[in-house]
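Working notes for the structure below.
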Amino acid sequence: MTVLKHSFATLGVREEIVRALAEDGKEHPFAIQELTMPLALAGDDLIGQARTGMGKTLAFGVPLLNSITTDTERPLTGAPRALIVVPTRELCLQVHGDLSGAAKYLRVGDRALSVVPIYGGRPYEAQIEALQKGADVVVGTPGRLLDLANQGHLQLGGLSVLVLDEADEMLDLGFLPDIERILRLTPDSRQAMLFSATMPDPIITLARTFMNQPTHIRAEAPHSAATHDTTEQFAYRAHAMDKVEMVSRILQANGRGATMIFTRTKRTAQKVSDELAERGFKVGAVHGDLGQGAREKALKSFRTGEIDVLVATDVAARGIDIDDITHVINYQCPDDEQAYVHRIGRTGRAGKTGIAVTLVDWDEMAKWTAIDKALALDCPDPAETYSSSPHLYEELNIPTEVKGTVGGPKKQAPRRPARDEAGADSATEKPRTRNRQRQRTRGAAKAGTGHVETTTESTGPDSSEAQDGQADNAGGEAGPAGRRRRRRPRKPADAAPGASVNAG
DNA sequence: AAAAAAG
């Protein structure tokens with residue numbers, strides 16, 4: 001594998017942006033950023049796909065900022081020239097922060113280039129004022145964007161660039177009507193860029209109906225796994241009533257690592273958060289029943305380390321980028337494989353290692369089986385041991401410590417409980433462990449340190465069938481992200497010890 | 001069916 005060590009400057013990014021990125025420690029582009037840059041700068045429509053945590057925001061953000069500040073035929077006027085639509089308010093704030101950072105040295109005449117967040121749950125006044133003062137780039141959630149557009153405060157007729165972040169989510173049923181309304185307000189000539197880690201075929205087909213000959217860019221081979229080699233994945237069968245206890249035990253042994261816990265419902269998120277707080281954990285919650293202030297406060301506390309446990313619904317499943325989340329726990333099984341991929345993608349970002357644990361109760365078995373199959377996770381079936389013991393957590397043996405980033409010391413696999421080895425309890429429970437993809441020194445690691453390989457990310461038995469990292473215009477051959485099996489030897493019996501949750 | 005997103 002050839003390592004190409006490019007810089008943003010050699011990709012044609014202007015000096016102000018290069019300098020801002022460098023000050024933030026970003027010297028070398030990630031694979032998706034490098035692949036996207038030439039096409040995006042040329043004004044092409046594109047669909048960009050890269051795994052979670054691999055730099056998609058700047059993959060559209062940098063060329064977008066570069067284009068609108070470099071187009072001498074259309075100098076910036078203060079009317080929005082680029083619009084980025086995102087699915088949640090918190091992601092809106094994060095993307096706004098990322099773009100503002102990259103744009104901090106860009107100027108329009110005698111003023112700074114303006115990036116404005118437009119999202120719900122907050123008063124209108126400040127947002128309207130910001131638009132009136134001049135907004136070159138707008139980042140927003142659909143409802144408030146349409147609201148302000150309908151009120152005449154947001155003018156989208158002058159857009160050069162439209163981005164749908166988490167595009168498959170934005171084009172899903174819940175959001176589609178709003179997105180169609182937004183699209184109608186934008187000029188036909190605008191460049192459209194769609195980004196996500198997950199892009200089901202039907203969504204791509206739908207996207208093509210409003211895009212102009214989009215190029216589909218993938219930072220990995222079309223058939224590579226959707227999740228990271230560097231994230232160890234576990235599924236445990238669990239009685240619903242035991243789940244808080246199981247989570248507690250994982251957290252207790254978890255040292256300083258931050259943990260995100262996902263639930264399916266807002267009520268459960270609040271309940272789990274409350275119960276963990278009662279048990280003394282420094283925990284916060286983010287879900288749609290909370291006021292916007294509380295949501296942002298919880299997320300901020302989690303970012304700063306003031307709290308180290310965050311319980312959330314899928315509102316926080318996508319895009320949220322927080323350093324050093326070592327564990328993701330699916331307290332309730334996600335609805336589909338996309339949700340699973342995005343949830344566990346909160347850990348193991350940018351080449352770091354992570355641990356993902358999914359607790360599966362009886363009602364969730366079918367859902368879990370479908371996810372396992374769709375992603376070819378190859379987990380043992382939790383149903384095998386479902387009815388045996390109400391106290392499975394006694395035998396939980398989930399690694400509670402992340403052993404360092406890739407390239408560092410070898411991560412160890414969890415050990416099966418001693419009594420399993422002794423055979424005493426073998427009929428009751430085995431930890432439903434799954435040590436996925438042990439070969440972990442490949443692309444993710446390199447990309448994580450900012451390098452780019454011509455063969456990016458994972459390889460695998462079938463990687464040769466595609467030109468890794470090559471754009472393709474044909475489309476259609478992508479296939480669901482993981483129908484094929486990627487079997488690899490599993491050796492649960494002689495797996496190495498991990499830190500014990502219950503001290504043995 | 002739930003969550004998200006306007007209020």
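Letters A, B, ... are given to chains in the order of the sequence lines, protein chains preceding strands, and every chain is numbered from 1. As the structure is a computational prediction, the values presented were derived from the model and not from experiment.
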Item to check | Interatomic distance where CD belongs to A:Glu90 and P belongs to B:dA4 [whole Å] | outcome: 9 Å
Checklist entry - Where do A:Arg111 and A:Asp136 land on the salt bridge (Lys or Arg N to Asp or Glu O under 4.0 Å) test, with the steps shown first? => result CA-CA 11 Å; A:Arg111 66 173 174 90; A:Asp136 306 299; 2.8 Å; yes
Checklist outcome for this item: Within residues 313-322 of chain A, the residues having a heavy atom closer than 4.0 Å to DNA chain B are A:Thr313, A:Val315
Item to check | Donor-acceptor contact present, side-chain A:Thr77 to main-chain A:Ala79, <3.5 Å | outcome: yes
Checklist entry - A:Arg295 has a side chain; which of B:dA5, B:dA1, B:dA3 sits nearest to it? => result B:dA5
Checklist entry - Taking atom C1' of B:dA4 as reference, at what distance in whole Å does atom CZ of A:Arg264 sit? => result 15 Å
Checklist outcome for this item: A:Arg89 has its side chain closest, among B:dA4, B:dA2, B:dA6, to B:dA6
Checklist entry - How far apart are the C-alpha atoms of A:Leu194 and A:Leu171, what are their side-chain angles, what is the distance that settles it, and do they pass the side-chain contact (heavy atoms from CB on, under 4.5 Å) test? => result CA-CA 10 Å; A:Leu194 273 53; A:Leu171 296 175; 3.8 Å; yes
Checklist entry - Tell me: CZ of A:Arg343 to C1' of B:dA4, nearest whole Å? => result 14 Å
Checklist entry - In whole angstroms, how far is the P atom of B:dA4 from the OH atom of A:Tyr119? => result 16 Å
Checklist entry - Is the shortest side-chain N to carboxylate O distance from A:Lys243 to A:Glu364 below 4.0 Å? => result yes
Item to check | Protein-nucleotide distance (A:Ile182, atom CD1; B:dA5, atom P), rounded to Å | outcome: 13 Å
Checklist entry - Counting only side-chain N and O atoms of A:Lys367, is one of them less than 4.0 Å from OP1 or OP2 of B:dA1? => result no
Checklist entry - Side chain of A:Asp147: nearest nucleotide among B:dA6, B:dA1, B:dA5? => result B:dA6
Checklist entry - A:Thr141 has a side chain; which of B:dA4, B:dA5, B:dA1 sits nearest to it? => result B:dA5
Checklist entry - Which part of the nucleic acid does A:Phe262 contact within heavy-atom distance under 4.0 Å: base, sugar-phosphate only, or nothing? => result nothing
Checklist entry - Atom CD of A:Gln127 to atom P of B:dA6: distance rounded to whole Å? => result 9 Å
Item to check | Qualifying ring-ring contact (aromatic ring centres under 6.0 Å, His included) pairs with a residue from residues 300-321 of chain A, counting only residues at least two apart or across chains | outcome: none
Item to check | Touch class at under 4.0 angstrom, heavy-atom based, for A:Gly174 against every strand present | outcome: base
Next on the checklist: Listing request: all ring-ring contact (aromatic ring centres under 6.0 Å, His included) pairs with a residue in residues 182-201 of chain A, at least two apart in sequence or in separate chains.
Outcome noted: A:Phe60-A:Phe195
Item to check | Out of B:dA6, B:dA5, B:dA1, whichever nucleotide has its closest atom nearest the side chain of A:Tyr124 | outcome: B:dA6
Next on the checklist: Output the rounded distance in Å from CD (A:Gln270) to P (B:dA2).
Outcome noted: 18 Å
Checklist entry - To the nearest Å, how far apart are A:Gln338 CD and B:dA2 C1'? => result 16 Å
Next on the checklist: More than 12 heavy atoms of other residues, nucleotides or ligands under 6.0 Å from NZ of A:Lys104: yes or no?
Outcome noted: yes
